[in-house]
There are 2 protein chains.
Amino acid sequence: MSSDATMTEAPAPMRRIKLSDQIAEDLCRRIARERLGPGDRLPNEAALMRHYGCAKGTIREALKSLEVQGLVTMQSGPNGGPEIRPISVEAAARQLRRFLHFQELDFAQVYALRRSLEVQLGLGVVGRLTPQDFARLEANIAECEAANAEGRRGIGRIVEVDFHDILCDASDNPLLAFMCRFLNSLLRDLVEFRSESLTEHEAFGAHNLASHRALVCAFRAEDADAVRGEMHAHMCCAEHFMQRLDAKFRTDLLSARTPGARAAE
Amino acid sequence: MSSDATMTEAPAPMRRIKLSDQIAEDLCRRIARERLGPGDRLPNEAALMRHYGCAKGTIREALKSLEVQGLVTMQSGPNGGPEIRPISVEAAARQLRRFLHFQELDFAQVYALRRSLEVQLGLGVVGRLTPQDFARLEANIAECEAANAEGRRGIGRIVEVDFHDILCDASDNPLLAFMCRFLNSLLRDLVEFRSESLTEHEAFGAHNLASHRALVCAFRAEDADAVRGEMHAHMCCAEHFMQRLDAKFRTDLLSARTPGARAAE
DNA sequence: CTAGATTTGTTCGTATGTATC
DNA sequence: TGATACATACGAACAAATCTA
């Protein structure tokens with residue numbers, strides 16, 4: 001602990017802001033101010049060195065910061081340099097995932113959210129689906145059927161989640177769409193290591209297909225109440241299955257390993 | 001010649017992964033594998049240079065990456081070096097915010113989420129609130145009362161949001177808590193530039209206080225149904241007010257500026 | 001297809017600021 | 001106060017990637 005009795009405990013040690021961080025901040029603002037879009041280029045390292053009057057390493061650290069934040073990618077060669085990237089959805093998802101990696105999260109908690117959000121999502125896209133969207137949804141259903149018929153259970157589970165990603169694409173609420181997509185990606189990962197044999201797989205796959213078909217039907221009829229009801233039932237069913245899958249996974253793990261062994265990673 | 005005629009030319013340009021990125025990845029894994037927690041230190045630059053057999057600049061870029069991701073902070077002086085940071089909630093929130101900055105988002109969309117999530121949050125903390133939590137909630141209510149009485153409307157709106165942050169602290173669902181906290185921070189920002197004079201401010205402040213008091217009551221009684229009902233009504237009321245605030249803000253903007261002028265910031 | 005030009009990626013050496021003892 | 005250990009920053013070089021003639 002520090003020992004300063006007289007001075008008001010300065011919570012902000014007022015550490016000098018690193019030059020590279022200042023430059024990174026300034027570059028961020030310039031990107032926003034000059035309305036730079038995907039494909040545009042920032043000045044190259046040499047030009048930035050002259051502009052800011054600093055050394056190469058400093059510029060590189062600043063650009064590294066922007067790169068990690070998903071704002072630019074570096075490219076070598078003539079006409080190379082820092083190029084502005086489209087948008088950093090994945091960077092945001094990656095950070096959120098990194099945060100959750102240190103928290104303990106189970107299916108019940110994921111579905112507590114998913115139950116609400118997917119219903120909202122479904123209601124939001126009623127009347128907004130284009131013929132292309134319907135085509136994608138039905139192509140996904142067909143793919144699910146094939147996967148189930150061939151007994152590829154794990155694949156079936158993964159493809160089923162894509163159905164909901166398509167709905168996210170059609171949503172006009174970017175925040176809701178982001179969160180639903182994020183939950184979907186979580187499910188894909190959580191299911192990956194648990195897709196071993198399970199007797200309920202066939203029944204679950206069939207039930208999902210029926211739900212998805214009913215949803216498409218309700219979307220076509222633009223029947224908001226039907227969408228709400230179907231989606232809610234769909235989520236509850238899925239949660240129930242996932243919980244059993246998780247329970248089986250845990251007991252399998254318990255019987256296969258001595259207590260105290262660490263989980264697979 | 002015949003560099004690779006038989007080998008399938010990788011369609012992915014397969015850009016060599018930068019050394020600094022490889023090292024950053026490896027350091028990430030080491031942090032996870034060795035279960036390094038807040039306060040622990042990574043080896044200093046010199047040691048890392050020896051370990052990876054590379055130069056200072058490369059190590060510094062790798063560490064910069066970890067720093068931006070919120071995993072470490074750099075410290076000078078003896079016993080300095082890269083120190084592991086608690087957890088990067090704010091890094092995740094920052095990235096998500098950066099993503100949403102480029103999307104268009106209005107109050108209706110925020111509240112479409114908040115309506116569902118805050119109810120979930122309230123239900124989740126029923127029976128989990130400690131005496132300390134209750135004390136904080138009531139201190140917040142008192143602070144709101146004071147702010148309203150003194151006519152500090154903007155402050156009142158901000159403090160009211162803190163009430164919901166306290167509920168997030170008490171939740172056992174980290175994902176739900178993160179999202180609610182994020183929505184709260186969005187609201188704080190959205191309200192900041194719109195808290196000009198509005199006749200409904202007093203009525204809204206009073207209504208919020210009543211809702212918060214009723215919520216604390218329901219939490220004390222551990223009455224889940226009452227929590228659900230109160231929170232839902234609270235959210236709907238808040239949404240209604242925010243929409244009017246937003247509408248007034250937009251008309252003010254329209255009358256004050258010629259069409260085509262860009263919005264602030 | 002090779003050769004050269006351009007730009008990032010990486011290295012080494014050195015100097016300065018900063019915090020601890 | 002000075003000495004020490006560390007991050008921060010500078011500058012000059014070379015290596016690798018990539019576009020163009």
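Treat the numbers as computed from the prediction; the structure is a model and nothing was measured. In what follows, chains carry the letters A, B, and so on, assigned in the order in which the sequence lines appear, proteins first and then strands, with residues in each chain numbered from 1.
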> Judged by modelled atom types alone, do B:S65 and B:E61 share a side-chain donor-acceptor pair under 3.5 Å?
Replying inline: no
> For A:N79 and D:dC19, is the shortest distance between a side-chain N/O and OP1 or OP2 below 4.0 Å?
Replying inline: no
> Tell me: CD1 of A:I17 to P of C:dT18, nearest whole Å?
Replying inline: 12 Å
> Can you tell me how far C1' of C:dT14 sits from CD of B:E45, to the nearest Å?
Replying inline: 15 Å
>> Between A:R16 and D:dA9, is there a contact of a side-chain N or O with OP1 or OP2 at under 4.0 Å?
In response: yes
>> With a cut-off of less than 4.0 Å, is there a side-chain N or O of B:S76 near OP1 or OP2 of D:dA5?
In response: no
>> Nearest whole Å is fine: how far is D:dT8 C1' from B:L63 CG?
In response: 13 Å
>> Can you identify which nucleotide, out of D:dT8, C:dG9, C:dA5, has its nearest atom closest to the A:P78 side chain?
In response: C:dA5
>> Assess, by modelled atom type and distance only, whether the side chains of B:Q69 and A:R94 contain a donor and an acceptor separated by less than 3.5 Å.
In response: no
> Does the D:dT8 base have a donor-acceptor partner in the side chain of B:K56 within less than 3.5 Å?
Replying inline: no
>> Without decimals, in angstroms, what is the distance between B:I59 CD1 and D:dC6 P?
In response: 15 Å
>> Can you tell me if B:T58 touches the phosphate of C:dT11, counting only side-chain N or O atoms and a distance under 4.0 Å to OP1 or OP2?
In response: yes
>> By nearest atom, which of the nucleotides D:dT4, C:dT8, D:dA7 is closest to the B:N44 side chain?
In response: D:dA7
>> Is it the case that over 12 heavy atoms from other parts of the model lie below 6.0 angstrom from the CD atom of A:E150?
In response: yes
> Quick one: on DNA chain D, does A:G57 or B:G81 contact a more 5' nucleotide (nearest heavy atom)?
Replying inline: B:G81
> Counting N and O atoms only, with roles assigned by atom type, does the side chain of B:N140 sit under 3.5 Å from a partner on the main chain of B:V159, one being a donor and the other an acceptor?
Replying inline: yes
> For the pair made of NZ in B:K64 and P in D:dA7, what is the distance, rounded to whole Å?
Replying inline: 14 Å
>> Whole angstroms only, please: what is the CG-P distance between B:L48 and C:dT11?
In response: 13 Å
>> What I want to find out is whether A:R35 reaches A:D40 closely enough, with some N-O distance under 4.0 Å, to be called a salt bridge.
In response: no
> Quick one: A:L19 CG to C:dT16 P, roughly how many Å, whole number?
Replying inline: 16 Å
>> If I take atom CG in residue A:L42 and atom P in nucleotide C:dT7, what distance separates them, rounded to the nearest angstrom?
In response: 14 Å
> Looking for any heavy atom pair under 4.0 Å, which part of the strands does A:K18 touch: base, sugar-phosphate only, or nothing?
Replying inline: sugar-phosphate
